[in-house]
**Q** 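Please read through the structure below; I'll follow up with questions.
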Amino acid sequence: MVKKIVFFLLFCTLLNASEFEQNCLSCHGEDFKFNIIMKKYTLKYSSEGRIKKAIFEYLKDPTYDKSILPLEYLKKFGIKKKNELDDKTLKKMIDIYYNKFNLSSKLY
């Protein structure tokens with residue numbers, strides 16, 4: 001029974017990872033500084049719920065005002081294009097992103 005649970009959890013983790021790779025890393029690449037972006041969101045919004053909400057709102061309608069990146073960076077690279085994922089998939093990707101890169105997971 002324990003083997004089945006471990007296998008199931010491993011399978012779900014791999015499935016989520018491949019979705020994240022397909023929906024996020026396909027554009028950003030492996031070397032994108034997701035951890036730095038998460039640090040900036042954490043410093044500005046602090047709680048998991050507020051961080052996820054801010055990321056969701058930014059990705060649905062990216063504007064300079066909603067961005068947490070420095071203005072110099074935005075001037076150099078521009079503002080992100082509006083995300084085309086449906087809300088359910090986008091929230092799932094944000095959950096994966098948060099679980100993978102949130103700062104509290106690095107403390108243990």
Side-chain angles (χ1 to χ4, degrees):
M1 179 68 174
V2 173
K3 286 183 181 181
K4 288 181 182 179
I5 293 172
V6 170
F7 177 74
F8 177 75
L9 291 174
L10 180 60
F11 177 75
C12 289
T13 302
L14 292 174
L15 180 63
N16 285 338
S18 66
E19 282 185 275
F20 188 75
E21 288 173 6
Q22 180 183 21
N23 291 313
C24 304
L25 295 180
S26 61
C27 292
H28 289 295
E30 290 288 336
D31 62 336
F32 189 76
K33 306 297 183 198
F34 286 111
N35 56 335
I36 294 172
I37 303 299
M38 179 57 75
K39 180 180 177 184
K40 291 185 177 296
Y41 272 106
T42 302
L43 289 171
K44 184 169 183 176
Y45 295 103
S46 69
S47 75
E48 179 179 350
R50 291 179 63 206
I51 291 168
K52 288 180 178 181
K53 180 180 178 192
I55 294 170
F56 180 81
E57 289 175 357
Y58 174 73
L59 293 175
K60 290 301 284 184
D61 182 30
T63 65
Y64 287 97
D65 293 337
K66 292 178 187 175
S67 178
I68 49 93
L69 295 175
L71 186 56
E72 301 81 35
Y73 183 91
L74 294 173
K75 285 181 181 178
K76 183 176 180 180
F77 296 104
I79 200 77
K80 180 176 178 39
K81 292 181 183 176
K82 183 178 178 180
N83 193 289
E84 299 298 325
L85 295 174
D86 62 88
D87 289 359
K88 182 179 177 183
T89 303
L90 181 58
K91 287 179 180 181
K92 185 176 181 181
M93 295 304 104
I94 292 169
D95 287 342
I96 293 168
Y97 169 67
Y98 183 85
N99 290 333
K100 187 170 180 149
F101 295 101
N102 78 76
L103 298 177
S104 63
S105 70
K106 309 296 183 223
L107 298 175
Y108 301 105

**Q** Report the C-alpha separation of Lys44 and Ile51 in whole Å, then their side-chain angles, then the decisive distance to 0.1 Å, and conclude whether the side chain to side chain contact (heavy atoms under 4.5 Å, CB included) test is met.
**A** CA-CA 8 Å; Lys44 184 169 183 176; Ile51 291 168; over 6 Å; no
**Q** Are Phe101 and Leu43 joined in one hydrophobic group, where the rule is that I, L, V, M, F, W and Y side chains link up if heavy atoms are under 4.5 Å apart?
**A** no
**Q** Any side-chain heavy atom of Asp87 sitting closer than 4.5 Å to one from Phe56?
**A** yes
**Q** Looking only at non-hydrogen atoms, find the nearest pair between Lys66 and Glu57 and report the distance.
**A** NZ-O, 3.6 Å
**Q** Is the shortest side-chain N to carboxylate O distance from Asp61 to Lys82 below 4.0 Å?
**A**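 Looking at Lys82 together with Asp61, the answer is no, because their closest N to O distance does not fall below 4.0 Å.
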**Q** Apply side chain to side chain contact (heavy atoms under 4.5 Å, CB included) to Ile55 and Ile37, showing your working.
**A** CA-CA 10 Å; Ile55 294 170; Ile37 303 299; over 6 Å; no
**Q** From Lys91 NZ over to Lys60 NZ, what is the distance, rounded to the nearest 0.5 angstrom?
**A** 9.5 Å
**Q** Step through the shown structure and confirm whether more than 12 heavy atoms of other residues, nucleotides or ligands are within 6.0 Å of NZ on Lys52.
**A** yes
**Q** Compare every heavy atom of Ile68 with every heavy atom of Lys40, then report the nearest pair and how far apart it is.
**A** CB-CD1, 3.4 Å
**Q** Can you confirm whether Tyr58 sits close enough to Lys80 that some side-chain heavy atom of one is under 4.5 Å from a side-chain heavy atom of the other?
**A**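 Of all side-chain heavy-atom pairs linking Lys80 with Tyr58, at least one is under 4.5 Å.
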**Q** Kindly indicate whether the side chain of Thr63, heavy atoms from C-beta on, has any atom under 4.5 Å from the side chain of Ile79.
**A** no
**Q** Compare all side-chain heavy atoms of Asn83 with those of Met93 and state whether any distance is below 4.5 angstrom.
**A**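 No - every pair of side-chain heavy atoms lies 4.5 Å or more apart.
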**Q** Looking at Glu72 and Lys76, is any side-chain nitrogen of the basic one under 4.0 Å from a carboxylate oxygen of the acidic one?
**A** no
**Q** Consider only side-chain heavy atoms of I, L, V, M, F, W and Y, link residues closer than 4.5 Å, and tell whether Leu59 and Tyr64 are in one cluster.
**A**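 Looking at the clustering, Tyr64 is in the same group as Leu59.
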**Q** Quick one: do Leu85 and Lys92 satisfy side chain to side chain contact (heavy atoms under 4.5 Å, CB included)? Show the steps, please.
**A** CA-CA 10 Å; Leu85 295 174; Lys92 185 176 181 181; over 6 Å; no
**Q** Look at the side-chain heavy atoms of Ile, Leu, Val, Met, Phe, Trp and Tyr, link any pair under 4.5 Å apart, and say whether Tyr73 and Met38 land in one connected group.
**A** yes
**Q** For the OG1 atom of Thr42 and the CZ atom of Arg50, what is their distance to the nearest 0.5 Å?
**A**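 Answer rounded to 0.5 Å: 11.5 Å.
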**Q** Roughly how far apart are Asp86 CG and Thr89 OG1, rounded to 0.5 Å?
**A** 3.5 Å
**Q** Within this structure, what is the CG-CD1 distance for the pair Asn99 and Ile94, rounded to the nearest 0.5 Å?
**A**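 These two atoms lie 12.0 Å from each other.
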**Q** Taking atom NZ of Lys100 and atom CG of Asn102, what is their separation to the nearest 0.5 Å?
**A** 12.5 Å
